[in-house]
Trainee: 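The structure follows.
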Amino acid sequence: MYLELQKQLAAHLRAVLKAKYSIEIENIPVEIPPELKFGELATPIALQLARTLRRAPKIIAQEIVEALGALPGFAGFEVAGAGYINARLDRAAGVRAIAGVGSHPSDKNNDVARVGHPAFVPDSAKDHVLVEHTSINPNKAAHIGHLRNAILGDTFVRLLRASGSQVDVQNYIDNTGVQVADVVVGFVHLEGKSLAEVRALLDKLKQKGERIDYYCWDLYARTSQWYEQGSAEENAERKKLRYATLHALEEGDNETAEVAELISTAVLRRHLETMLRLDIEYDFLPRESEILHLKFWDVAFEQLKQTGVLYFETEGKNKGCWVMRRPGAEIAEGELDEDAKVIVRSNGTITYVGKDIAYHLWKFGLLPGRDFGYKKFFTYPDHECWISAEQGEEEHPHFGGAQAIYNVIDSRQSDPQANVIQALRGMGHTEQADRYTHFSYEMVALTPRCAVDLGYDVSPEDQARPYIEVSGRKGFGVKADDLIDKLIAATSEEVEKRQTSRDEAERQKIAGQIAIGALRYFMLKFTRNSVIAFDFRDALSFEGETGPYCQYAAVRIRNIFRKGGTTEAAVLVEMTELAPAQVAGFLEGEEAEDIWALWLRAGRRSLVLDQAITASEPAYLAKHAFQLAQEFNNFYHKHHILTEENPAKKTFLLATAAVAFRELVTVLAWLGIETPEAM
RNA sequence: GCGCCCGUAGCUCAGCUGGAUAGAGCGACUGACUACGAAUCAGUAGGCCGGAGGUUCGAAUCCUUCCGGGCGCACCA
């Protein structure tokens with residue numbers, strides 16, 4: 001509702017300014033004032049115009065107000081302060097619009113059930129968007145840093161879908177990189193296992209219900225240490241082993257590669273299971289092995305040479321390599337650029353950025369004659385997740401060829417990401433380069449206290465730091481499944497205390513929903529740029545600005561309707577049958593301001609969604625959900641609904657609760673948080 | 001050395017394209033459960049928005065500079 005009114009007012013102001021002063025302003029600022037006493041919308045435009053018009057801002061504001069006249073939905077305009085123009089809404093009309101009975105055409109995704117449901121039909125006029133997130137090396141268990149990535153990515157997918165975009169979710173699998181090679185070195189050389197023995201180990205773990213990703217977590221850390229534990233000569237030999245193994249993986253078709261395939265696939269499956277606990281699903285898992293074996297690079301290489309993005313270096317330290325300019329590099333024509341980025345090494349192998357360029361050309365549908373094979377890999381309740389293959393199944397969906405892409409990757413990778421964008425731009429794909437978003441975020445680190453509690457050795461220097469970076473290589477961090485288990489244990493304890501009349505299965509379900517709500521909200525409440533210093537005390541908190549707080553507000557409303565013997569939908573219809581004057585009456589006076597504020601907050605959803613997508617910042621919606629919950633809880637304490645004697649007022653209060661419920665449930669669903677039946 | 005990010009209440013963080021009196025949670029202290037269940041609410045204390053200049057009607061927000069912290073700058077992925 002807010003978004004529409006804001007646009008209407010801006011358009012009307014634009015027309016007035018053009019007619020009255022012959023001034024055309026593209027973006028007229030229309031903001032939400034800090035307090036309700038200044039109205040519901042305001043513009044400082046007169047302050048801005050004061051200079052060009054060489055007149056006092058208050059006078060200009062007065063003239064504009066007179067020229068504005070009447071606008072549907074608005075009760076009036078007034079000049080305030082130094083020259084603000086404040087707009088007051090027609091409250092009865094506002095309530096009717098926000099209640100949305102008969103559904104407002106411009107807010108077509110109002111219906112909770114549509115969003116996130118398979119029957120939801122995306123807006124065909126909108127883009128086909130590709131979001132890549134998670135992308136954990138398949139050689140160890142997922143940790144809290146990966147959780148931030150996956151939760152941010154998954155939430156952003158939900159937001160894009162809510163706005164009408166068609167979105168494919170990809171999880172890139174680097175199954176032929178050094179990290180997988182390292183754990184293979186661990187299995188083959190540290191543990192001396194053959195392919196058959198590795199297979200036997202997987203079966204054994206499966207039977208015992210143990211997690212292979214946990215096994216690899218320890219083995220990977222041990223192998224990383226092993227490279228540095230021996231004498232200088234031994235270490236040199238071990239490093240050779242490492243690169244020989246890496247080479248074997250890239251080549252494929254050998255026993256080492258088979259061990260890698262076995263391990264990485266098993267670990268990948270575990271990652272998908274872990275993420276499914278958080279309600280995170282994927283559509284496609286492109287693997288590096290296919291990018292290599294299906295020779296995506298050959299096509300990309302030709303294009304890069306033809307467009308002059310890559311050139312062969314004949315001098316300096318990069319002699320014999322194919323290199324490209326870094327973004328922003330200022331080098332005179334013909335001068336040696338020693339800082340150039342190597343894409344093809346002098347031995348003919350391709351660097352990571354090179355492979356990434358080829359992959360991104362594919363993402364945008366710019367790699368003619370090359371595509372993955374597709375195989376079914378993992379089945380979700382309502383769809384399949386596909387994985388890349390050299391020879392896929394006959395029938396398969398098509399991925400790639402997107403109009404816009406988002407890569408959820410931590411901020412440490414902004415340089416290589418910038419290189420890929422630079423390459424696209426250099427090849428003349430400027431539109432694609434503009435629609436390539438590195439959705440970057442800061443890492444999750446541990447507070448020193450948390451690290452000590454977990455039993456890690458923490459050096460005195462590290463103790464003094466505000467936070468310590470987690471490291472898979474060192475085996476230092478909090479595993480995702482451990483954290484989820486711990487959260488469920490904590491919520492179960494609370495649910496046991498409170499829900500004594502419910503059976504075990506119901507209590508389990510509720511505890512799970514609250515645990516996931518707490519975890520997802522915790523990862524979303526911080527803006528992307530801030531480092532999360534992880535601490536169990538904060539993450540296990542269910543009070544204050546948390547997921548459970550928001551869920552609790554919605555559950556309270558559920559209880560009101562259960563006890564009141566009516567439904568949200570029925571009450572909203574009843575309310576629209578009240579006379580507008582009567583509704584307006586309930587919104588008058590000091591006492592009613594908080595009720596009106598709650599309605600206004602409810603009307604802000606599409607505006608906040610818009611901002612969150614534009615800024616790629618899911619935290620905006622997390623904050624919005626919290627504010628909704630907070631305002632409802634405040635309302636709940638001030639107004640006792642079910643004992644209200646005036647039937648019309650009771651209907652109105654119930655409608656207020658109904659709208660708050662609808663908004664909370666919808667926004668929480670966008671955040672991937674379910675609303676439990678009871679708490 | 002170069003590049004990016006951060007510095008706001010005791011702690012953890014919001015503050016949208018510059019706008020009206022800088023906000024929240026936690027922690028501390030006071031209060032509120034025979035109400036729609038207190039995983040809640042009300043209240044109190046707590047701030048030279050890292051420092052200094054500038055831009056303008058107006059700066060936590062933009063520019064410059066300094067200080068403090070983090071992360072990147074491979075023929076590693």
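Residue numbers start from 1 in every chain, and the chains themselves are labelled A, B, ... in the order their sequence lines are given, proteins ahead of strands. Because the structure is a prediction, the values reported are computed rather than measured.
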Trainee: Roughly how many Å apart are A22(B) and A14(B), using the C1' atom of each and rounding to a whole number?
Mentor: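 Approximately 11 Å lies between the C1' atom of A14(B) and that of A22(B).
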Trainee: Less than 4.5 Å apart, side chain to side chain, heavy atoms only: is that true for I32(A) and L41(A)?
Mentor: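 Contact flag for I32(A)/L41(A) side chains = yes.
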Trainee: Regarding I532(A), tell me which of base, sugar-phosphate or nothing describes its non-hydrogen contacts under 4.0 Å with the strands shown.
Mentor: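 I532(A): no heavy atom of the nucleic acid under 4.0 Å.
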Trainee: Determine the interatomic distance between C1' on U55(B) and the same-named atom on C6(B); round to the nearest Å.
Mentor: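 Between the two C1' atoms, the distance is 24 Å.
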Trainee: Have a look at R51(A) and say if it touches a base, only the backbone sugar-phosphate, or nothing, with a 4.0 Å heavy-atom cut-off.
Mentor: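 Touches sugar-phosphate only.
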Trainee: Which nucleotide, if any, forms a Watson-Crick or G-U wobble pair with G7(B), using both distances under 3.5 Å?
Mentor: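 Pairing partner: C67(B).
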Trainee: In the structure shown, which nucleotide is the Watson-Crick or G-U wobble counterpart of U61(B), with both distances under 3.5 Å?
Mentor: none
Trainee: Determine, stepwise, if the pair I357(A) / H360(A) fulfils side-chain contact (heavy atoms from CB on, under 4.5 Å).
Mentor: CA-CA 5 Å; I357(A) 292 170; H360(A) 281 90; over 6 Å; no
Trainee: Is it the case that R601(A) and Q627(A) place a side-chain donor and acceptor less than 3.5 Å from each other?
Mentor: yes
Trainee: What is the pairing partner of A28(B), taking Watson-Crick or G-U wobble pairs with both distances under 3.5 Å in any strand?
Mentor: U44(B)
Trainee: Is any side-chain heavy atom of P29(A) closer than 4.5 Å to one of I45(A)?
Mentor: yes
Trainee: Below the 4.0 Å mark, does C4(B) have OP1 or OP2 next to a side-chain nitrogen or oxygen of Y441(A)?
Mentor: no
Trainee: Counting any heavy atom closer than 4.0 Å, what does R537(A) reach on the DNA or RNA strands: base, sugar-phosphate only, or nothing?
Mentor: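 Nothing, no nucleic acid heavy atom in range.
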Trainee: Just compare A20(B), A14(B), G70(B) and give me whichever is closest to any side-chain atom of K623(A).
Mentor: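 Between A20(B), A14(B), G70(B), the one nearest the side chain of K623(A) would be A14(B).
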Trainee: Could you state the interatomic distance from CD1 (I136(A)) to CD (Q179(A)), rounded to the nearest 0.5 Å?
Mentor: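 With rounding to 0.5 Å, CD1 (I136(A)) is 11.0 Å from CD (Q179(A)).
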Trainee: For L642(A) and T491(A), find the nucleotide of RNA chain B closest to each by heavy atoms; which residue's nucleotide sits nearer the 5' end?
Mentor: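 Looking at RNA chain B, the more 5' nearest nucleotide goes with L642(A).
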Trainee: What distance, rounded to whole Å, do you find between the two C1' atoms, one in A45(B) and one in U30(B)?
Mentor: 11 Å
Trainee: May I have the distance from Y243(A) (atom OH) to C75(B) (atom C1'), rounded to whole angstrom?
Mentor: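 After rounding, the gap between these two atoms is 11 Å.
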Trainee: Work out how far the C1' atom of G23(B) is from that of C57(B), and round it to whole angstrom.
Mentor: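 To the nearest whole Å, 26 Å.
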Trainee: How many Å lie between CD on E493(A) and C1' on A39(B), as a whole number?
Mentor: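 In whole Å, A39(B) C1' lies 13 Å from E493(A) CD.
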Trainee: Students often get this wrong, so: under 4.0 angstrom with heavy atoms, is K525(A) touching a base, only sugar-phosphate, or nothing?
Mentor: nothing
Trainee: Can you see if the side chain of N529(A) gets near the phosphate of C6(B) - specifically, an N or O under 4.0 Å from OP1 or OP2?
Mentor: yes
Trainee: In whole Å, I'd like the distance from the CD1 atom of I60(A) to the P atom of C57(B).
Mentor: 13 Å
Trainee: For atom P, what is the distance between U61(B) and C49(B), given to the nearest Å?
Mentor: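 Rounded to whole Å, the distance is 10 Å.
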Trainee: Against the six-membered ring of F626(A), is K525(A) placed for a cation-pi contact (under 6.0 Å from the centre, within 45° of the normal)?
Mentor: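 No.
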Trainee: Are any of N559(A)'s side-chain N or O atoms less than 4.0 Å away from OP1 or OP2 of G37(B)?
Mentor: yes
Trainee: Would R556(A) count as a cation-pi partner of Y636(A), with NZ or CZ less than 6.0 Å from the six-membered ring centre and within 45° of the ring normal?
Mentor: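 Ring-cation test returns yes.
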Trainee: Could you give the CD1-to-C1' distance, from I45(A) to G18(B), as a whole number of Å?
Mentor: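 Atom-to-atom, I45(A) to G18(B), this comes out as 13 Å.
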Trainee: Picking from A20(B), A77(B), A39(B), which would you name as closest to the side chain of T351(A)?
Mentor: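 That would be A77(B).
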Trainee: At 4.0 Å (heavy atoms only), tell me whether Y636(A) reaches a base, stays on the sugar-phosphate, or touches nothing.
Mentor: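 Base contact.
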Trainee: Answer yes or no: does a side-chain N or O of R498(A) lie under 4.0 Å from OP1 or OP2 of G37(B)?
Mentor: no
Trainee: Classify A445(A) by what it touches in the nucleic acid, base, sugar-phosphate, or nothing, heavy-atom distance under 4.0 Å.
Mentor: nothing
Trainee: Select base, sugar-phosphate, or nothing to describe what H639(A) touches, counting heavy atoms under 4.0 Å on all strands.
Mentor: base
Trainee: Roughly how many Å apart are G27(B) and C11(B), using the P atom of each and rounding to a whole number?
Mentor: 16 Å
Trainee: Picking from A39(B), C41(B), G72(B), which would you name as closest to the side chain of E469(A)?
Mentor: G72(B)
Trainee: Tell me if the side-chain of D182(A) makes a donor-acceptor pair with the base of A77(B), cut-off 3.5 Å, by modelled atom types.
Mentor: no
Trainee: For the side chain of R326(A), counting heavy atoms from C-beta on, which of G15(B), C73(B), C75(B) is nearest?
Mentor: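 My answer, after comparing the listed nucleotides, is C73(B).
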Trainee: Rounded off to whole Å, could you give me the CG-to-C1' distance for the N633(A) and G25(B) pair?
Mentor: 14 Å
Trainee: What nucleotide, of C41(B), C75(B), A20(B), holds the atom closest to the side chain of P33(A)?
Mentor: A20(B)
Trainee: Select base, sugar-phosphate, or nothing to describe what F38(A) touches, counting heavy atoms under 4.0 Å on all strands.
Mentor: base
Trainee: Counting side-chain heavy atoms from CB outward, which of A20(B), C41(B), A14(B) is closest to S530(A)?
Mentor: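 Among the listed nucleotides, the one closest to the side chain of S530(A) is A14(B).
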Trainee: How far, in whole Å, is C66(B) from U12(B) if one measures between their P atoms?
Mentor: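 One P to the other, the span is 27 Å.
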Trainee: With R528(A) as the cation and F439(A) as the aromatic partner, state whether NZ or CZ is under 6.0 Å from the six-membered ring centre and within 45° of the axis.
Mentor: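 Because its charged atom sits under 6.0 Å from the ring centre and within 45° of the axis, R528(A) does stack over F439(A).
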Trainee: Name the pairing partner of A39(B), where a pair is Watson-Crick or G-U wobble with both distances under 3.5 Å, or state none.
Mentor: none
Trainee: Should the side chain of S346(A) and the base of C75(B) be counted as holding a donor-acceptor pair, with the cut-off at 3.5 Å?
Mentor: yes
Trainee: Compute the centroid of each ring, for F542(A) and then for Y552(A), and state whether the two points are separated by less than 6.0 Å.
Mentor: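 No, too far apart.
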Trainee: Distance check needed: A77(B) C1' versus R345(A) CZ, whole Å only.
Mentor: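 Atom-to-atom, R345(A) to A77(B), this comes out as 9 Å.
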Trainee: Students often get this wrong, so: under 4.0 angstrom with heavy atoms, is F526(A) touching a base, only sugar-phosphate, or nothing?
Mentor: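 Result for F526(A) = sugar-phosphate.
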Trainee: From C-beta outward on F626(A), which listed nucleotide comes closest to its side chain: C75(B), A39(B), A24(B)?
Mentor: A24(B)
Trainee: Out of C13(B), G72(B), G25(B), which nucleotide sits closest to the side chain of E545(A)?
Mentor: G25(B)
Trainee: At 4.0 Å (heavy atoms only), tell me whether V180(A) reaches a base, stays on the sugar-phosphate, or touches nothing.
Mentor: nothing
Trainee: Let's test this: given Watson-Crick or G-U wobble pairing with both distances under 3.5 Å, identify the partner of G18(B).
Mentor: none
Trainee: Looking only at side-chain atoms of R556(A), point me to the closest of A38(B), G70(B), C75(B).
Mentor: A38(B)
Trainee: Need the pair for G1(B). Rule: Watson-Crick or G-U wobble, both distances under 3.5 Å, any strand; none if unpaired.
Mentor: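 Pair assignment: G1(B) / C73(B).
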Trainee: Would you verify whether the NZ or CZ of R242(A) falls within 45 degrees of the ring axis of Y227(A) while also being under 6.0 Å from that six-membered ring's centre?
Mentor: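 Cation-pi check for R242(A) and Y227(A): passes.
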Trainee: Once you apply a heavy-atom cut-off of 4.0 Å, does Q630(A) come out as touching a base, just sugar-phosphate, or nothing?
Mentor: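 Sugar-phosphate contact only - Q630(A) comes under 4.0 Å of backbone atoms but never of a base.
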Trainee: So what does N634(A) hit on the nucleic acid, given a heavy-atom distance under 4.0 Å: a base, only sugar-phosphate, or nothing?
Mentor: sugar-phosphate
Trainee: Both distances under 3.5 Å, Watson-Crick or G-U wobble: report the partner of C33(B), or none.
Mentor: none
Trainee: For a quick check of understanding: with a heavy-atom distance under 4.0 Å over all strands, which category does K319(A) fall into, base, sugar-phosphate or nothing?
Mentor: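 Here K319(A) touches the bases of the nucleic acid.
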Trainee: With a 4.0 Å cut-off on heavy atoms, is Q611(A) in touch with a base, just the backbone sugar-phosphate, or nothing at all?
Mentor: base
Trainee: What is the distance, to the nearest angstrom, from the OH atom on Y352(A) to the C1' atom on A74(B)?
Mentor: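 Checked: the OH to C1' distance equals 14 Å.
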Trainee: Whole angstrom is fine here: how far is it from NE2 in H637(A) over to P in C33(B)?
Mentor: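 Distance check: H637(A) NE2 to C33(B) P gives 12 Å.
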